[in-house]
Amino acid sequence: MPEHGSVNSLASTLQQQLADALSAALPEAGHADPLLRRSDRADFQANGILALAKKLKGNPRELAAKVTGALPASDLIKDVEVSGPGFLNVTLTDRAITSTLAARAADADRLGVPVNGSAGTTVIDYAQPNVAKEMHVGHLRSAVIGDAMVRILEFTGESVVRRHHIGDWGTQFGMLIQYLVEHPAELDHEGDQKDGEAAMSSLNRLYKASRALFDSDEEFKARSRDRVVALQAGDPETLAMWQRFVDESKIYFYSVFDKLDMEIDDPDIVGESGYNDMLEETCRILEETGVAVRSEGALCVFFDDVLGPDGNKVPLIVKKTNGGYGYAATDLSAIRDRVRNLKADTLLYVVDARQSLHFKMVFETARRAGWLNDDVKAHQLAFGTVLGKDGKPFKTREGVTVRLEDLLDEAVDRATAVVREKAAKVGLSEREIVENGRYVGVGAVKYADLSTSAVRDYKFDLDQMVSLNGDTSVYLQYAYARIQSILRKAGDAKPVAHPELELAPAERALGLHLDQFGEVLAEVAAHYEPHKLAAYLYQLASHLTTFYDQCHVLSDDNPAEVVENRLFLVELTARTLHRGMALLGIRTPERL
């Protein structure tokens, strides 16, 4: 049974009726799957009888006829046709489609989408900027994909813990802190302390100056290395200086995430430094259990299937020969913390595909140590590279990696220009133009990322992203705004479902697609594939366009109940678009 407030989809109801008919007509088949899917020959096609016929050594068309005869009379099925070698082409009743959609519409918050009662706790590691460094286009995908998965998993019932594993530790901080000790005014900047650009300007200036001194002054270099030792030993003055870097960087991070229309909270930020106290214990456990072994003075984990060009095994180095800890020690300590203290069932890492080998080795090490097992799993949601129009990694004309702030600002500027062109026709105020420009620009960047399978590279083309045509967020946002315009023009006519009415082909297609929303979300959540939600929403907007072309909504020639039913269909479409886009982290303006 579905959860309270949830609605069984037409497909799941039909699947159950067909499965029951299979069991009744062919008891020797046991609990067979009818293999139901959408079809262009009918509403659905069931292909499972063909495999059953081979198993039972029977005639598939005869078996299909038996199954058809065992189907109960109901309001669900209008017609069943046996086709080809035993396929069942099933057409549903218009009443069933409209009634199911009415039940979805009655569930204002969730549109009938069930909450997964068996969901657990997922820790998502995403949006991993580095302290004292600018965020660039390479940080975009982790942030956008991770934020969408947080929203989707929470909506489907998962308990989600956000983790931003920022780079806030390491040898470079000795250089930065020592310079700040000797030049204490370098981190001062005028104006609002929440000014991200001013914060980043101070950090950039300090980094360049400290690096120049480090490279040219041997005495400063020695003092910097001593400062690293003091930092790792927990010296109070050094830690206080380090904290200034972290705090200053957070001002900058938050300003960038605000431009991305993402919420990042302090408790969610647990950087590399957060696991320092666990590193030695992690290494001790790995060595004592034999998971890691000493090799040329370093603590290493070896794998039979990870070999170098010379054919020798390439190890995961947990502790270096000089006693320093590698990334692996921190990542393994983070796994221990997330499993033991956060009680996670699933660890999801939204990390560049180029780090796949590292995480494969880290996860396998954690499994050997018993921190991951059949009940606790880790998964890397690997993503590809953002490319320029030339198909090469996206850089400026000078060959420098593009700053994320600059990219977002340009997207908003382009989108605002597009919105302004149509503003007079819609009657937008200057405030609405600016606000919608931001929503359209940021939405365009996010959607271009999320509509591509994460593991694939994609080309960053702002001209295409802010286009009203094609598979873009602007097309979806415009579809939503167009429905709002129709609802405003409807006057006294209200959206009301009329299950007794026959549906036109475009109404049926739109209705059947609306009913798939919950199933799509379940698949997206199960396999971490937000691009499938983007594809569903684009198809929904395309069905809506066909519906507009073939079915007049507010025509005076239509009876009142037809107008009400069509308003009902477009209103539910708008709510589904709004909810789906929000789960991708994209706003839907009321007027555009």
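What you find for L10 and D515 is that their closest heavy atoms are N-OD2, 2.6 Å. Of all the heavy atoms in N89 and S39, the pair that sits closest is OD1-OG, 4.5 Å. A pairwise comparison of heavy atoms in T91 and A42 identifies OG1-CB, 3.9 Å as the closest pair. In this structure, K446 and L584 approach most closely via the heavy-atom pair CD-O, 4.3 Å. Scanning both residues, L567 and L554, for their nearest heavy atoms gives CD2-CD2, 4.0 Å.
Annotation: salt bridge (charged side-chain N to carboxylate O under 4.0 Å, His left out) contacts involving residues 37-51, sequence neighbours excluded, comprise D43-R508. Legend: side chain to side chain donor-acceptor pair (under 3.5 Å) pairs involving residues 539-550, not counting sequence neighbours, sorted by first then second residue: Y475-T545.
Cation-pi geometry between R579 and F517 is not satisfied (NZ or CZ under 6.0 Å from the ring centre, within 45° of the ring normal).
Between R438 and D261 there is a side-chain heavy-atom pair separated by less than 4.5 Å. F257 places a side-chain heavy atom less than 4.5 Å from the side chain of M135. Between D331 and I335, the closest side-chain pair of non-hydrogen atoms is not below 4.5 Å. In this structure the side chain of Y538 never reaches within 4.5 angstrom of the side chain of Y536, judged on heavy atoms. L22 places a side-chain heavy atom less than 4.5 Å from the side chain of I49. Q128 is not listed as a side-chain neighbour of H164, based on a closest heavy-atom distance of 4.5 Å or more. You'll find the side chain of E364 stays beyond 4.5 Å of the side chain of L372, heavy atoms only. Taking the side chain as every heavy atom from C-beta outward, L510 and T573 approach each other to under 4.5 Å.
Every residue two or more places apart in sequence or in another chain that forms a side chain to side chain contact (heavy atoms under 4.5 Å, CB included) with D33 is listed here: Q15, L35. For D471, there are no salt bridge (Lys or Arg N to Asp or Glu O under 4.0 Å) partners, not counting sequence neighbours. Take A454 and apply the side chain to side chain contact (heavy atoms under 4.5 Å, CB included) test, not counting sequence neighbours, and it matches I145, L381, F383.
With rounding to the nearest 0.5 angstrom, the CZ atom of R591 is 13.0 Å from the OH atom of Y480. In this structure, OH on Y126 lies 5.0 Å from CZ on R162, to the nearest 0.5 angstrom. With values rounded to the nearest 0.5 angstrom, E590 atom CD is found 10.0 Å from N436 atom CG. Atom CD1 in I77 sits 9.0 Å away from atom OG1 in T93 (nearest 0.5 Å). Atoms CG and OG1, on L577 and T588 in that order, are 8.0 Å from each other to the nearest 0.5 Å. To the nearest 0.5 Å, atoms CD (Q380) and NZ (K360) are separated by 12.0 Å.
Side-chain atoms of D147 do not come within 3.5 Å of backbone N or O of M262 as any donor-acceptor pair. Under a 3.5 Å cut-off, the side chain of Q464 and the backbone N or O of D461 do not form any donor-acceptor pair. Remark: side-chain polar atoms of Y439 are not paired, donor with acceptor, to backbone N or O of P589 under 3.5 angstrom.
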Run L92 and K78 through side chain to side chain contact (heavy atoms under 4.5 Å, CB included) and show every step you take.
CA-CA 5 Å; L92 304 184; K78 178 181 180 181; 5.9 Å; no

If you apply the rule side chain to side chain contact (heavy atoms under 4.5 Å, CB included), what do you find for R575 with L111, and how did you get there?
CA-CA 8 Å; R575 288 165 57 191; L111 303 176; 3.5 Å; yes

As a quick check of understanding, evaluate side chain to side chain donor-acceptor pair (under 3.5 Å) for S9 and E519, giving each step before the final call.
CA-CA 8 Å; S9 70; E519 292 177 343; 2.5 Å; yes

Take L88 and V67, measure what side chain to side chain contact (heavy atoms under 4.5 Å, CB included) needs, and give me the verdict at the end.
CA-CA 9 Å; L88 296 182; V67 174; 4.1 Å; yes

Does the pair K459 and V386 meet the rule for a side chain to side chain contact (heavy atoms under 4.5 Å, CB included), with working shown?
CA-CA 6 Å; K459 291 184 181 180; V386 182; over 6 Å; no

Test log, rule ring pair (Phe, Tyr, Trp, His ring centres under 6.0 Å), inputs H165 and Y275:
CA-CA 10 Å; H165 190 85; Y275 306 101; 5.8 Å; yes

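Annotation: D75, atom CG; neighbour count of heavy atoms from other residues, nucleotides and ligands within 6.0 Å does not exceed 12. Counted within 6.0 Å of CD on E561, heavy atoms from surrounding residues, nucleotides or ligands total more than 12; the atom is thus considered enclosed. No more than 12 heavy-atom neighbours from other residues, nucleotides or ligands sit within 6.0 angstrom of OH on Y478. When the shell of 6.0 Å around NE2 of H379 is examined, it contains more than 12 heavy atoms from other residues, nucleotides or ligands.
A salt bridge is defined here as a Lys NZ or Arg NE, NH1 or NH2 lying under 4.0 Å from an Asp or Glu carboxylate O, and R141 with D352 fails to meet this definition. Between K66 and E62 no salt bridge is recorded (no basic side-chain N to carboxylate O distance below 4.0 Å).
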Under 3.5 Å, sequence neighbours excluded: what are the donor-acceptor pairs made by side chains of residues 482-503?
{"from": "H498", "atom 1": "ND1", "to": "E500", "atom 2": "OE2", "distance (Å)": "2.9"}
{"from": "H498", "atom 1": "NE2", "to": "E564", "atom 2": "OE1", "distance (Å)": "2.7"}

